[in-house]
Amino acid sequence: MLPVFDPNDNEAGLKLLEDLTNNACQIQQQVLEEILATNLHTEYLKSFLNGDSGKENFKNKVPIVNYEDIKPCIERIANGEPSSIISTQPITELLTSSGTSGGQPKIMPSTAEELERKTFFYNLLVPVMNKYVDGLDQGKAMYLLFIKPEISTPSGLMARPVLTSYYKSNNFRNRAFNRYNVYTSPDETILCSDSKQSMYCQLLCGLVQRDEVLRVGAIFASAFLRAIKFLEEYLKELCSNIRTGSVSDWITDPNCRNAVLSILSKPNSELADLIEDECSGKSWEGIIKKLWPRTKYIEVIVTGSMAQYIPTLEFYSGGLPLVSTMYGSSECYLGINFKPLSNPYDVSYTLLPNMAYFEFLPVDNNHKEVVPDVQCNGVSVTDRNGKEKVEAVDLVDVKLGHYYELIVTTFTGLYRYRVGDILMVTGFYNNAPQFRFVHRRNVVLSIDTDKTNEEDLLKAVTQAKVLLEPLGFLLTEYTSFADTASIPGHYVLFWELKMRGTNDLPELDPVIMEQCCSIVEESLDSVYRRCRKKDKSIGPLEVRVVTHGTFDALMDFCVSQGSSVNQYKTPRCIKSEEALKILDSRVVGRFSSNKTPFWEPFRIET
């Protein structure tokens, strides 16, 4: 049972967090006992536990798994078989993850009770912020929130992203009034399926209510920066709407249109002139503070791959704090930032012990992957070389300064599941450990919700090479980086090419090279292609061709920084500014994809 508290009562919320973190060990034990007692007779657990729901038996018999291991069970439910394959509670929907399997989004089970757990989690964010920032009940939040495409599976269950699931739920739409969480965006604008109309209307509402706005934000830093660019592009039209008290004709969603008109209410030429004046300078540096002068902070996720956007956010922010409040995933919600005004590069999250049962696979300081030891049924693991055996440890047994991969057992039917997040222990809040998100396992490139790993990148580059080989071109080396200097950001690939039999640089046909860019994009996974085509949150992929010897120079640099010559492998993603300078100084040709890749909502295989 989830604890009950009034989200408007800050003291009650803070006391609850104290209780949860003080009793982390006992609560984790209770969570595991509840999950196993409830689901012991599911098809999945029955095959391992033989009726014994004890913790020791669970750890000895139930294997640590990846998505591919449980994918058949989830797909059976999506195709109409009973939820009891993995869960006693009915699976009410499937949540699509930003991670992919076979080029398509992973799908995670969810239940009605899990929506209650998410609501409980969101309500706990409020007292933490109120502890550090006064007066949040004296105004509104301009949070730019959006829904994304969903599909119906053969079972009739909907498959959709986790945030879309929450915004469409009764928990969100019929939420109780919370004076600390009043939005400038009407629900109708958030729930508009046309992302362009949604963005326009939410910004329009935020501008009209600028004097009431105390905080601004979006879920991810990348989404908030896209909103700033959108504001630049549509500034004149937005001001025209404010000046005339009307909404542009291309806003055709009737619910969205009516909701915005009720906020516009009347022409306001004075406000329109003021906004245009604030935006008329040569630079938009500090524009957030200028347009919304009462704003106390910007709330966006800036951890993990989103950290690359911190400098750009700071440029626009006018000195406002950047706040990452929470850590969650499609599998379950996880932790809260108990020091929300900390430096964005130093954010740590405290995992709430009642959200799921947590275990941790140790990884070394270089974040080398560990794999389950099959002989020990996943209880212990070995490193890639089969040496040193290590055990998956419980939440309260992690060690300060050590790195771990997160494993979750959820209330929704995931058991000892590898989330893929690498975390570092930074401290403890009472008896609950605090973690810094380091990175996603195996991910080399990410701009928005896309997560491209080394294997997927290799497959995409290999597809493009097929176009070059008949011309006698050889791709001798490649690497990549996520270029976020422009909005939206885009993937950049550095290619070293030569003619077969020589070291000469081939003559580069722009048409052929642009086709190569397009082939790479078409070969990347569904989430990348959706971001490019539907969300427009990623720009066209770029290939930069470099001179012969460039990757030798890159190796020399890496060795000078401490890499071993004998063990050196070309990094498939570059993050060092010095390394990027070496590559960029040797570029002889730049080419970009001239068409958007094909994308359609994924389908469940039957």
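It should be emphasised that the depicted structure is a prediction, and the values quoted were computed from it without experimental measurement.
Between T38 and E34, the side chains place no donor N or O within less than 3.5 Å of an acceptor N or O (distance only, hydrogens not considered). Looking at D394 and Q28, their side chains never bring a donor and an acceptor atom within 3.5 Å of each other. There is a side-chain donor-acceptor pair under 3.5 Å between Y333 and Y122. Using modelled atom types, one finds no donor on one side chain facing an acceptor on the other under 3.5 Å when comparing S87 with Q89. A donor-acceptor contact closer than 3.5 angstrom is absent between the side chains of Y183 and Q202. There is no side-chain donor-acceptor pair under 3.5 Å between D456 and Y528. Between the side chains of Y349 and T303, at least one donor N or O sits under 3.5 Å from an acceptor N or O. With hydrogens and angles left out, the side-chain atoms of S348 and Q434 include no donor and acceptor closer than 3.5 Å. Between the side chains of T449 and R530, a donor-acceptor pair is found at a separation under 3.5 Å. The closest side-chain donor-acceptor pair between S53 and E33, if any, does not fall under 3.5 angstrom. No donor-acceptor contact under 3.5 angstrom links the side chains of E114 and T412, judged on distance only.
The environment of N50 atom CG is sparse: at most 12 non-hydrogen atoms of other residues, nucleotides or ligands sit within 6.0 angstrom. More than 12 non-hydrogen atoms from other residues, nucleotides or ligands lie less than 6.0 angstrom from NZ of K534. Within a 6.0 Å sphere centred on CD of E11, heavy atoms belonging to other residues, nucleotides or ligands number 12 at most.
Not one N or O on the side chain of S222 forms a donor-acceptor pair closer than 3.5 Å with the backbone of D448.
Between T42 and I85 the shortest side-chain heavy-atom distance does not fall below 4.5 Å. Considering only heavy atoms from C-beta on, T325 stays 4.5 Å or farther from I336 through its side chain.
The cationic group of R416 lies under 6.0 Å from the six-membered ring centre of F58 and within 45° of the ring axis, placing it in a cation-pi geometry. In this structure, R117 forms a cation-pi arrangement with F411, its terminal cationic atom sitting closer than 6.0 Å to the ring centre and no more than 45° off the ring axis.
Ion pairing between a basic and an acidic side chain is recognised when a charged N comes within 4.0 Å of a carboxylate O; E150 and K168 show such pairing.
Taking the six-membered ring for Trp and the full ring otherwise, the centers of F435 and F360 sit less than 6.0 Å from each other.
With values rounded to the nearest 0.5 angstrom, L322 atom CG is found 10.5 Å from S342 atom OG.
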| request: Mind running side-chain contact (heavy atoms from CB on, under 4.5 Å) on K451 and V527 for me, showing each step along the way? | output: CA-CA 8 Å; K451 293 178 175 65; V527 175; over 6 Å; no
